[in-house]
Amino acid sequence: MPDQDRAHPGNAPASPPAASQQRPRPARDLTRSPWVPVLVVLASLILWELAARLTIPILLPPPADVAEAFWKSAKDGSLFRHIGASYFRILTGWFVGCVIAIPFGILAGRLKWVRAVLDPFIEFFRFIPPIAFVTLFMIWFGLGEVSKVGLIVYTAFFTTFLSTMAGAMGVEIERIRAAQCLGASPRQVFFRVIVPGTVPHIVTGVRLSLGLAFMTVVAAEFIAAESGVGYLIFSARLFAQTDFVFLGILVLGVMGFVANSILKRLLARIAYRYDVNL
Amino acid sequence: MGREGAVAAIQMQRVGKRFEPRHADGLAYEALAGVDLAIGEGEFLCVLGPTGCGKSTVMHLVAGFETPTEGRVLVAGKPVSGPGADRGMVFQNDRALFPWLTVDQNVAFGLEVAHRTPAAVRAAVDSNLELVGLTGHRTKFPRELSGGMKQRVQIARALATDPAILLMDEPFAALDAQTRRRMQEELGRIWAVSRKTVLFITHDIGEAIWLGDRIAVMTHGPAARIKEVIDVDLPRPRQNMTPGFVSLYNTLDASIRAESEAMHNA
Ligand SMILES: Nc1ncnc2c1ncn2[C@@H]1O[C@H](COP(=O)(O)OP(=O)(O)OP(=O)(O)O)[C@@H](O)[C@H]1O
Ligand SMILES: [Mg+2]
């Protein structure tokens, strides 16, 4: 838009070039409106209801059936027992896995010989989804909580470890050298440069592994469990209670959303300092 | 500046540096061979040379990031065995700042690793931020600063621990002409007050004349060495475009140009 400001020729004082005219009109940014998700959910429910009318409830139960399944299992408390069981497994396994993975990941990233020893294992196991170990963990650790939590520990550990290691390997050499020139000992370089320099990758690993923990828990609960949302889905399938299958799936989504939101809120405290996008 | 009998602050004696190949198809590269250089205490020495000749390598040897494959590098008469707080460094690249620390936390880093008292840390941070004119930006993170401000943080950080030697690798190369000019003046002022030994790498001939007591010109690589060391016999504060300035500029320009041409013909 050249020469827009020639609208007042001649005597307009030398105003800053076109800045005021070209400032974009404060158009309402619809993508930021809180109503957008509400509308999207409503539209989905309507579509779901319409689709359900085209078929039979055993294939696609209407929203009302799922709501009823919700009330039923909420009233007798079984739903919350399942949610609690799954959350317990996910959060315990995820937390333990991350806590172990972070120090080992940093060490592996910085010590060549540790990496040399671990590398063949990593390159082998990275192609095996944790779910492939479900049966093995049952045989080793029994049908109780240990095998299920253990599987999630493994899932979270592996993901967080790989990300942390990559981060620790990539810490800028200039930063390490700058610290050395400022008199930092190897120990101080480790705790004051390497560790904080790895934080963004740790955050990535921790968030990624929380998502994977949800996948793993469902697989583990399919195979051997008397509780958990995975068990809820699997047992409903056996009795062709599609409404409960849907309930389980929706509950998983909500559980993931809640867990992720809380984690994001916790991480928000450090996000700005470490320049990580949540 | 060679005061008789005094130990030079930095001495390089017949220093050679050979980089071994890092992968199967790599070739060894002899960057430096027979580098002789002595820098007196309190002296400001600038190093000029064609690109890729090994200026940064010289500085890395003095800083202790690399070890010479031949000869010796002495600081205060003792062989360099690694980096240390006696040699403050200002890197060309602002990646050397700690992005997770605010400006004042960056400047405090060297004092904190030395376990100074909080009051001493605060005093040193305050005075050095004042010196580089960043007092009003102390709680910002590096990514919230302009390029020139980041370089000033680096300078304040290097000065805060009061090192005897300041190593500066093209610290102003990335700055625009105006900022660079101001930074040169500030550095000249800081040096006049603190009288530190400064090893200053640059590819800007005017900058070298502006700041240096002496200017070392390097030959082109491989096997680069010090071609000549020229005294800057001009009164301080230096002035642009005086006859002395211009003739020295032309001498240095011709010297570096000859090296660059020899490099391209090789
Ligand atoms: N770690 C390394 N491994 C192999 N070769 C290297 C290494 N570091 C530097 N070199 C080589 O040594 C030579 C000198 O490099 P150096 O960085 O010291 O040059 P410079 O004079 O600082 O260049 P510039 O003016 O571009 O900054 C170059 O040819 C470079 O390729
Ligand atoms: Mg260089």
Side-chain angles (χ1 to χ4, degrees), chain A residues 102-103 105-106 109-113 115-116 119 163-164 166-207 264 266-278, chain B residues 56 59-60 62-66 75 80-102 105-116 121 124 139-144 150 153-169:
Chain A
I102 292 166
I106 297 177
R110 297 313 303 179
L111 300 175
K112 272 205 197 87
W113 56 269
R115 216 160 51 238
D119 219 42
S163 183
T164 305
M169 278 169 75
V171 172
E172 313 265 5
I173 183 79
E174 280 100 338
R175 268 169 216 157
I176 295 169
R177 287 176 166 176
Q180 290 171 332
C181 283
L182 292 164
S185 65
R187 200 189 138 83
Q188 286 170 324
V189 169
F190 184 83
F191 284 107
R192 287 170 183 261
V193 180
I194 310 279
V195 172
T198 310
V199 165
H201 280 80
I202 295 176
V203 169
T204 305
V206 158
R207 294 193 66 203
K264 263 165 97 165
L266 290 175
L267 292 173
R269 290 155 178 258
I270 61 161
Y272 191 73
R273 174 172 291 270
Y274 291 95
D275 199 18
V276 289
N277 288 316
L278 293 177
Chain B
S56 294
M59 184 156 284
H60 291 175
V62 176
F65 304 147
E66 308 264 11
V75 167
V80 170
S81 62
D86 56 328
R87 282 149 291 149
M89 178 109 181
V90 177
F91 296 77
Q92 173 175 359
N93 201 304
D94 56 38
R95 276 189 307 227
L97 289 174
F98 306 117
W100 56 85
L101 298 181
T102 55
Q105 290 167 339
N106 264 282
V107 176
F109 187 96
L111 303 153
E112 270 165 9
V113 296
H115 303 295
R116 302 278 189 82
V121 172
T139 58
K140 288 188 179 170
F141 285 98
R143 64 179 176 280
E144 300 168 331
K150 284 188 235 186
V153 178
Q154 278 215 64
I155 293 172
R157 184 176 71 173
L159 289 172
T161 48
D162 197 23
I165 295 172
L166 213 48
L167 307 174
M168 307 180 91
D169 191 351

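- Between the side chain of A:S163 and the backbone N or O of A:H201 there is at least one donor-acceptor pair closer than 3.5 Å.
- With A:R273 contributing its side chain and B:W100 its backbone, the two residues share a donor-acceptor pair below 3.5 Å.
- By the ring pair (Phe, Tyr, Trp, His ring centres under 6.0 Å) test, B:F109 is found to be paired with B:F98, residues two or more places apart in sequence or in another chain being considered.
- Interface remark: B:R87 contributes backbone atoms only to the contact with chain A (heavy atom separation under 4.5 Å).
- Heavy-atom distances place both the backbone and the side chain of B:R157 under 4.5 Å from chain A.
- Heavy-atom distances place both the backbone and the side chain of A:Q180 under 4.5 Å from chain B.
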Please report, to 0.1 Å, the donor-acceptor pairs under 3.5 Å made by any side chain of residues 184-199 of chain A, with sequence neighbours excluded.
| unit_1 | atom_1 | unit_2 | atom_2 | d |
| --- | --- | --- | --- | --- |
| A:S185 | OG | A:Q188 | N | 3.2 |
| A:S185 | OG | A:Q188 | OE1 | 3.4 |
| A:Q188 | OE1 | A:S185 | N | 2.9 |
| A:Q188 | NE2 | B:V113 | O | 2.8 |
| A:T198 | OG1 | A:I194 | O | 2.6 |

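- A distance of 12.0 Å separates CZ in A:R177 from CD in A:E172, rounded to the nearest 0.5 Å.
- Taking each heavy atom of A:A168 and A:G105 in turn, the nearest pair found is CB-O, 4.3 Å.
- With chain A as partner, the option from B:A114, B:G110, B:G64, B:A158 having the largest number of non-hydrogen pairs under 4.5 angstrom is B:G110.
- A 4.5 Å side-chain heavy-atom check between A:T204 and A:V276 finds every atom pair outside the cut-off.
- Only the side chain of B:Q105 comes within less than 4.5 Å of a heavy atom of chain A; its backbone N, CA, C and O stay farther away.
- Contact of B:L97 with chain A is made through the backbone alone, with heavy-atom distances under 4.5 Å.
- Heavy atoms closer than 4.5 Å to chain A are found in the side chain of B:F91, but not in its backbone.
- Interface summary for chain A: among B:E112, B:H60, B:R143, the most heavy-atom pairs under 4.5 angstrom belong to B:R143.
- Heavy atoms of B:Q154 lying under 4.5 Å from chain A are absent altogether.
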